[in-house]
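Just so it is clear, the structure is predicted and the values come from calculations on it, not from any experiment. Naming convention: chains lettered A, B, ... in sequence-line order (proteins, then strands); numbering from 1 in each chain.
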Amino acid sequence: MLTLALIREETEEVIRRLKVKNFNAEHIVSRIIELDKNRRSLQHLQDSKQAELNKISKEIGIHFKEGRKQEAEMLRQKTADLKEEIKEINQQFEKNDMELHNLLIQLPNLPHPSVTPGRGAEDNIIVREGGKQPELDDNALPHWDLAKKYDIIDFELGNKITGAGFPLYKGKGAKLQRALISFFLDENEKAGYTEFMPPLMVNQDSGFGTGQLPDKDGQMYYVNADNFYLIPTAEVPVTNIYRDVILEADVFPVKSTAYTPCFRREAGSYGKDVRGLNRLHQFDKVEIVQIQHPDKSYESLEEMVAHVESLIRKLELPYRIVKLCGGDMSFTSALTYDFEVFAAAQKRWLEVSSVSNFESFQANRLKLRFREAGDKKTSLAHTLNGSALALPRIVAALLENNQTRKGIILPKILHGYTGFSIID
RNA sequence: GGAGGAAUGGCAGAGUGGUCGAAUGCGGCGGUCUUGAAAACCGUUUUCCGGGUGACUGGAACGGGGGUUCGAAUCCCUCUUCCUCCGCCA
């Protein structure tokens with residue numbers, strides 16, 4: 001959520017920059033400014049009426065205490081109109097405020113000035129590539145066939161137990177999941193992130209805090225009986241640790257990591273995008289989250305990008321880093337780098353991580369603030385997060401790229417975690 | 001799941017209808033004293049929304065929401081959370 005102060009003071013700039021995200025904000029913004037003006041004059045009116053009422057109430061109290069019943073009674077009659085007026089003004093105020101809030105949450109985050117305009121994925125900018133694409137035979141198998149051949153992931157059984165998009169990992173397949181999770185968590189911890197194991201369901205306030213609600217309502221699984229949402233990413237519970245919190249500036253950067261399963265309804269997805277592990281309803285991911293001083297959040301973003309890159313390099317996978325254009329960026333993000341690995345049998349780039357700076361957009365929803373040492377006033381902190389990493393597509397690439405006649409040879413770094421070096 | 005009790009500032013804890021944003025203690029910050037520190041003493045100490053260049057000033061908040069009242073931390077309803085007892089249970 002953008003702050004009112006920003007919209008009020010930098011109106012043209014806000015509209016201009018939202019255009020980079022292909023969002024025409026002119027109407028909403030001008031209405032917001034109108035409602036904001038309205039809000040302040042209504043509040044002023046309400047405050048002064050309330051002050052009057054408070055004053056009279058105090059006088060009545062004094063009269064009663066000193067036994068002047070008649071005077072008290074006279075004053076009491078005076079309050080009726082005043083109360084009615086306040087009630088009416090308050091209703092207007094609340095109506096005004098609701099409309100204001102509803103408009104405010106419709107505005108996406110401003111893209112960073114360096115973000116280029118564009119329609120979608122085709123306009124993203126490749127920042128750099130790394131690793132080596134393997135040369136596979138023509139009869140190389142996509143990972144879903146390999147999973148079957150080596151009996152490590154059973155999609156049909158997952159289907160039977162739950163439904164499409166809920167794979168059943170088995171034997172070395174299951175162990176590989178556990179190994180990757182441990183590997184990622186260990187690496188993140190070495191990079192200074194504190195490990196958390198958060199709840200997998202969140203309430204409405206948390207969903208709102210990180211921006212999933214209300215706009216991505218339909219993308220989350222919802223537990224009706226208790227009004228909970230299954231988390232689509234660990235970002236939600238981990239970032240919400242700091243909802244309604246005021247930090248002292250010397251704690252920055254706050255670095256957290258967590259492994260969780262992630263649940264996504266993925267309504268509207270279809271086709272070859274969803275084959276095998278490419279797109280799932282339940283998948284495993286290790287997430288990193290940072291809370292940082294506004295002056296340093298872009299340093300943190302670069303640091304996170306370098307860290308994620310190091311993980312992929314250790315897994316010896318061919319990858320590229322993509323800077324998203326305005327049109328491909330999420331609602332909440334100011335700047336996003338996507339990481340893609342090359343799955344050599346599918347001959348496709350698969351997104352395995354998305355590292356973003358949300359600046360104060362989430363913090364404003366979360367009421368996550370900080371105070372400079374010795375300062376009295378608070379300001380909004382910046383939040384960032386990224387996958388480090390999401391498992392399924394990493395597994396897809398590992399299986400496809402490392403297939404040999406003998407079996408699938410795992411990168412050395414994982415051997416200590418899996419206890420085996422080949423899936424055969 | 002059933003029965004009872006509770007929720008107040010960073011923490012502890014008073015306050016049961018009126019000048020209460022809230023006693024007191026601890027902690028924090030500033031000062032006096034001291035070569036320095038401790039102790040002692042003095043002062044200060046929540047957040048949000050407004051008005052004013054500013055001194056300053058209006059309003060809101062005692063778990064959340066609603067109600068009664070001229071007036072609510074205090075009374076009523078409701079939700080949430082915690083504690084005690086019982087039941088069930090990995």
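- Regarding contacts with the backbone of C48(B), a side-chain N or O of Arg369(A) is found under 4.0 angstrom from either OP1 or OP2.
- Taking the six-membered ring where the residue is Trp, the centroids of Phe358(A) and His382(A) are separated by 6.0 Å or more.
- Spacing between G25(B) and A40(B) at atom P, rounded to whole Å, works out to 12 Å.
- Pairing of C75(B), defined by two Watson-Crick or G-U wobble distances under 3.5 Å, is identified with G67(B).
- Less than 6.0 angstrom separates the ring centroid of Phe252(A) from the ring centroid of Phe370(A).
- One interatomic measurement links the two molecules: NZ of Lys58(A) to C1' of G17(B), which rounds to 15 Å at whole-angstrom precision.
- One can place CD of Glu73(A) at 13 Å from P of G71(B), the figure rounded to the nearest angstrom.
- On the C1' atoms, C41(B) is 14 Å away from U34(B), given to the nearest whole Å.
- C76(B) and A38(B) have their P atoms separated by 49 Å, with the value rounded to a whole Å.
- The closest donor-acceptor contact from the side chain of Asn109(A) to the backbone of Phe361(A) lies at 3.5 Å or more, if one exists at all.
- The residue among Asp36(A) and Ser48(A) whose nearest nucleotide of RNA chain B is located toward the 5' end is Asp36(A).
- Straight-line distance between the P atoms of A3(B) and A12(B): roughly 30 Å, to the nearest whole Å.
- Within the 4.0 angstrom heavy-atom criterion, base atoms lie near Ile60(A).
- Separating the C1' atom of A72(B) from that of G17(B) is a span of 7 Å, rounded to the nearest Å.
- The NZ atom of Lys87(A) sits 13 Å away from the P atom of G66(B) (whole-angstrom rounding).
- For Arg40(A) and C49(B), the shortest distance from a side-chain N or O to OP1 or OP2 is not below 4.0 Å.
- Looking only at side-chain heavy atoms (C-beta outward), Glu309(A) and Ile321(A) come within less than 4.5 Å of each other.
- Atom CG in Leu100(A) sits roughly 10 Å away from atom P in G50(B) (whole-Å rounding).
- For the pair Asn54(A) and A60(B), the criterion of a side-chain N or O lying under 4.0 Å from OP1 or OP2 is met.
- Between G63(B) and A14(B), the distance separating the two P atoms is 14 Å to the nearest Å.
- Minimum atom distance to the side chain of Ile246(A) is reached by U47(B), of the listed G58(B), U19(B), U47(B).
- Using the Watson-Crick or G-U wobble rule with both distances under 3.5 Å, G1(B) pairs with C86(B).
- Below the 3.5 angstrom threshold, one finds a donor paired with an acceptor across the side chain of Asp47(A) and the base of G58(B).
- Below 30°, between 30° and 60°, or above 60°: for Tyr298(A) and His112(A) the angle between ring planes is between 30° and 60°, a tilted geometry.
- Rounding to whole angstrom units, CG of residue Leu82(A) and C1' of G71(B) are separated by 13 Å.
- Pairing of G27(B), defined by two Watson-Crick or G-U wobble distances under 3.5 Å, is identified with U45(B).
- Between the C1' atoms of C26(B) and C85(B), the separation comes to 34 Å (whole Å).
- Across all strands shown, the partner of A6(B) is U81(B), judged by Watson-Crick or G-U wobble contacts whose two distances both fall under 3.5 Å.
- In this entry the distance linking CZ of Phe64(A) with P of G18(B) reads 13 Å, nearest Å.
- Nearer the 5' end of RNA chain B, as judged by each residue's closest nucleotide, is the contact made by Arg371(A), out of Leu53(A) and Arg371(A).
- Listed nucleotides: C49(B), U47(B), G18(B). Nearest to the side chain of Ser57(A): G18(B).
- Figure legend. G36(B) is base-paired to no nucleotide; pairs are counted as Watson-Crick or G-U wobble with both atom distances under 3.5 Å.
- Across all strands, Gln43(A) comes closer than 4.0 Å to base atoms (heavy-atom distances).
- For G58(B), neither phosphate oxygen OP1 nor OP2 lies less than 4.0 angstrom from any side-chain nitrogen or oxygen of Gln50(A).
- For the residue pair Tyr259(A) and Glu195(A), no side-chain donor N or O sits within less than 3.5 Å of a side-chain acceptor on the partner.
- Of the side-chain N and O atoms in Lys83(A), one or more sit less than 4.0 angstrom from OP1 or OP2 of G71(B).
- Side-chain contact between Leu180(A) and Leu414(A) is present, with at least one heavy-atom pair separated by less than 4.5 Å.
- Distance CG (Asn203(A)) to P (G64(B)): 16 Å, rounded to an integer number of Å.
- Nucleotides U68(B) and G4(B) are separated by 28 Å at their P atoms, to the nearest Å.
- Applying the Watson-Crick and G-U wobble criteria (two distances, each under 3.5 Å), G54(B) pairs with nothing in any strand.
- Put simply, CG on Asn227(A) is 11 Å from P on U80(B), counting in whole angstrom units.
- Note: Leu311(A) CG to Leu389(A) CG = 5.0 Å, rounded to the nearest 0.5 Å.
- Side-chain atoms of Ile62(A) lie closest to U19(B) of the nucleotides G50(B), C48(B), U19(B).
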